[in-house]
Asks: 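Submitted below is the structure of interest, expressed as structure tokens.
Computed from a predicted model, the values in this text were never measured in an experiment.
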Amino acid sequence: METVRRGLEHGVVGRRIDHAEVRHPRAVRRHLAGARDFEALLAGRRVDAALRRGKYLWLPLDSGDALVGHLGMSGQLLLARPDAPYEPHLRVRLAFDDGGDDLRFVDQRTFGGLAVSAGGAALPHSVEHIARDPVDPAFDDEGFVAAIRRRRTGLKRALLDQTLISGVGAIYADEALWRAKLHWARPTETLTRPVARRVLAAVREVLEEAIEAGGTSFDALYVNVNGQSGYFDRSLDVYGREGEPCHRCGAMIRRSRWMNRSAYWCPVCQPAPRKPHP
DNA sequence: CGCGCCTCCTGTGTGC
DNA sequence: TGCACACAGGAGGCGC
């Protein structure tokens, strides 16, 4: 998302939207007033900035509202020539009054979506419930340490809770836990302060390295605004590596079924807790 | 209120 | 060859 935000900062900030075209209503389902209202609120508005918190990003507009987006699993925000053929899963198209590149929201699985939200440049209302992410200079380290120790849940589940810490999905959670040498089912109430700080340091390190590498890409769905893939997948230590040797100790990486999902971990570096949180 | 779980969606890969 | 099914997963929302 940070990779996409940087692309939008260069690609659309300072430009004026001519019109918006919603091609699939599901893509704006969080805009409760409907697709026509969404389009009306964007027409003629200038984009003033490109901001992000966790996996949400938003474009404050000169109207005081903001265009808020979440890419979900398969969403893409792409810059494309207005005369370029429409992508098969093009959901929303923004055309600009300078005749330059469109901003196109393309989403195969439609888990993502766009909405126009009040709240503008500060924090749109639809993003208020999301915690800061640890790459944010204003992230409160000791506040996080205290909060995660108050939880009564498993460690990976806590890392995926965007109201506690944002920007962490399944991939980065598994990578951070491997670096911190902690098991995904470790009960959060057993974390000492130093161990909780170790978790945070590992998460921050993984996010910073991923941003540096331009994001993580497994296939053509994970791309920047120019449709290019990042390289962090080449740096993964556990995610997607079931049966392959641990880069630290050589043991076979395991995959556990967890929450109808997967958790990847090294059975030697990240031993299971005696009393795992279910 | 905190926590756990279900559901939304569709393209891809695999096994029979 | 073709069908059935598992899998990918962020997060809203609901039930307990």
Asks: What integer distance in Å separates A:R52:CZ from C:dG10:P?
Replies: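 The distance from CZ of A:R52 to P of C:dG10 comes to 15 Å, rounded to the nearest Å.
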
Asks: So, A:E242 and A:R254, do they make that salt bridge, N to O below 4.0 Å?
Replies: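 Salt bridge absent between A:E242 and A:R254.
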
Asks: If only side-chain N and O atoms of A:H129 are considered, is one of them under 4.0 Å from the OP1 or OP2 phosphate oxygen of C:dG12?
Replies: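 Looking at the OP1 and OP2 atoms of C:dG12, one of them is under 4.0 Å from a side-chain N or O of A:H129.
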
Asks: Counting only side-chain heavy atoms from C-beta out, which of B:dC9, B:dG4, C:dA11 sits nearest to A:Y56?
Replies: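 Comparing B:dC9, B:dG4, C:dA11 against the side chain of A:Y56, the answer is C:dA11.
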
Asks: Which listed nucleotide (B:dC5, C:dA11, C:dA8) is nearest to the side chain of A:R157?
Replies: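 It is B:dC5.
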
Asks: Check the distance between C:dG10's C1' and A:K156's NZ and give it to me in whole angstrom.
Replies: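 Rounded to the whole Å, the gap is 13 Å.
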
Asks: Side-chain N or O of A:Q162 less than 4.0 angstrom from OP1 or OP2 on C:dA11?
Replies: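 Answer yes for this pair, as a side-chain N or O of A:Q162 is under 4.0 Å from OP1 or OP2.
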
Asks: Remember a base hit wins even if backbone is also touched, and classify A:R29 as base, sugar-phosphate or nothing at under 4.0 Å, heavy atoms.
Replies: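 Counting heavy atoms under 4.0 Å across all strands, no contact is made by A:R29.
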
Asks: Name the orientation class of the two ring planes belonging to A:F139 and A:F144 (parallel below 30°, tilted from 30 to 60°, perpendicular beyond 60°).
Replies: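 The arrangement is tilted - the two ring planes meet at 30° to 60°.
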
Asks: Identify which nucleotide among C:dA11, B:dC9, B:dT10 has an atom closest to any side-chain atom of A:Q108, counting heavy atoms from C-beta outward.
Replies: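 Of the options given, the side chain of A:Q108 lies nearest B:dT10.
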
Asks: Give the nucleotide from the list B:dC9, C:dG10, B:dG4 with an atom nearest to the side chain of A:R109.
Replies: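 The listed nucleotide nearest to A:R109's side chain is B:dC9.
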
Asks: Quick one: is the NZ or CZ of A:R157 closer than 6.0 Å to the six-membered ring centre of A:W184, and within 45° of its axis?
Replies: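 Verdict for A:W184: no cation-pi partner in A:R157.
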
Asks: From the set C:dG12, C:dG10, B:dC9, return the single nucleotide nearest to any side-chain atom of A:T110.
Replies: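 Selected nucleotide (nearest to the side chain): B:dC9.
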
Asks: Rounded to the Å, how far apart are A:H89 NE2 and B:dT10 P?
Replies: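 Rounded to the whole Å, the gap is 9 Å.
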
Asks: Rounded to the Å, how far apart are A:L164 CG and B:dG4 P?
Replies: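 Computing the A:L164:CG to B:dG4:P distance gives 13 Å.
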
Asks: Rounded to whole angstroms, how far apart are CD1 on A:I171 and C1' on C:dG10?
Replies: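 Answer to the nearest Å: 12 Å.
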
Asks: Does a nitrogen or oxygen in the side chain of A:S74 sit under 4.0 Å from OP1 or OP2 of C:dA8?
Replies: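 For C:dA8, neither OP1 nor OP2 has a side-chain N or O of A:S74 closer than 4.0 Å.
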
Asks: Has A:S262 got a side-chain N or O lying under 4.0 Å from the OP1 or OP2 atom of C:dA8?
Replies: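 So the side chain of A:S262 is within the cut-off, an N or O lying under 4.0 Å from OP1 or OP2 of C:dA8.
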
Asks: Strictly below 4.0 Å, N to O, side chains only: are A:R81 and A:D101 in salt-bridge contact?
Replies: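 Yes, charged N to carboxylate O under 4.0 Å.
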
Asks: Output yes if the stacking criterion (under 5.5 Å between centres, under 30° between planes) is met for A:F111 over the base of C:dG10, else no.
Replies: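 Yes, A:F111 stacks on the base of C:dG10.
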
Asks: Report the residue (A:N260 or A:R152) whose heavy-atom-nearest nucleotide on DNA chain B is the more 5′ of the two.
Replies: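 Nearest-nucleotide comparison on DNA chain B picks A:R152.
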
Asks: Between A:R261 and A:R151, which is nearer to the 5' end of DNA chain B once each is assigned its nearest nucleotide?
Replies: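 Per heavy-atom nearest nucleotide, the more 5' residue is A:R151.
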
Asks: Between A:D141 and A:R197, is the closest basic N to carboxylate O distance under 4.0 Å?
Replies: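 Salt bridge absent between A:R197 and A:D141.
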
Asks: Check the distance between B:dG4's C1' and A:M259's CE and give it to me in whole angstrom.
Replies: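 After rounding, the reported distance stands at 7 Å.
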
Asks: To the nearest Å, give me how far apart CG (A:D161) and P (C:dG12) are.
Replies: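 Interatomic distance, CG of A:D161 to P of C:dG12: 11 Å.
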
Asks: For A:D133 and C:dA11, give me the distance from atom CG to atom P, rounded to whole Å.
Replies: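 Computing the A:D133:CG to C:dA11:P distance gives 12 Å.
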
Asks: Is there a donor N/O on one and an acceptor N/O on the other, under 3.5 Å, for the side chain of A:R150 and the base of B:dG2?
Replies: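 Donor-acceptor pair under 3.5 Å: no.
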
Asks: Go through it in stages, so that I can follow the logic: the residues are A:R45 and A:D62, the test is side-chain contact (heavy atoms from CB on, under 4.5 Å), and I'd like the CA-CA distance, side-chain angles, deciding distance and then a yes or no.
Replies: CA-CA 6 Å; A:R45 301 274 62 96; A:D62 62 355; 2.6 Å; yes

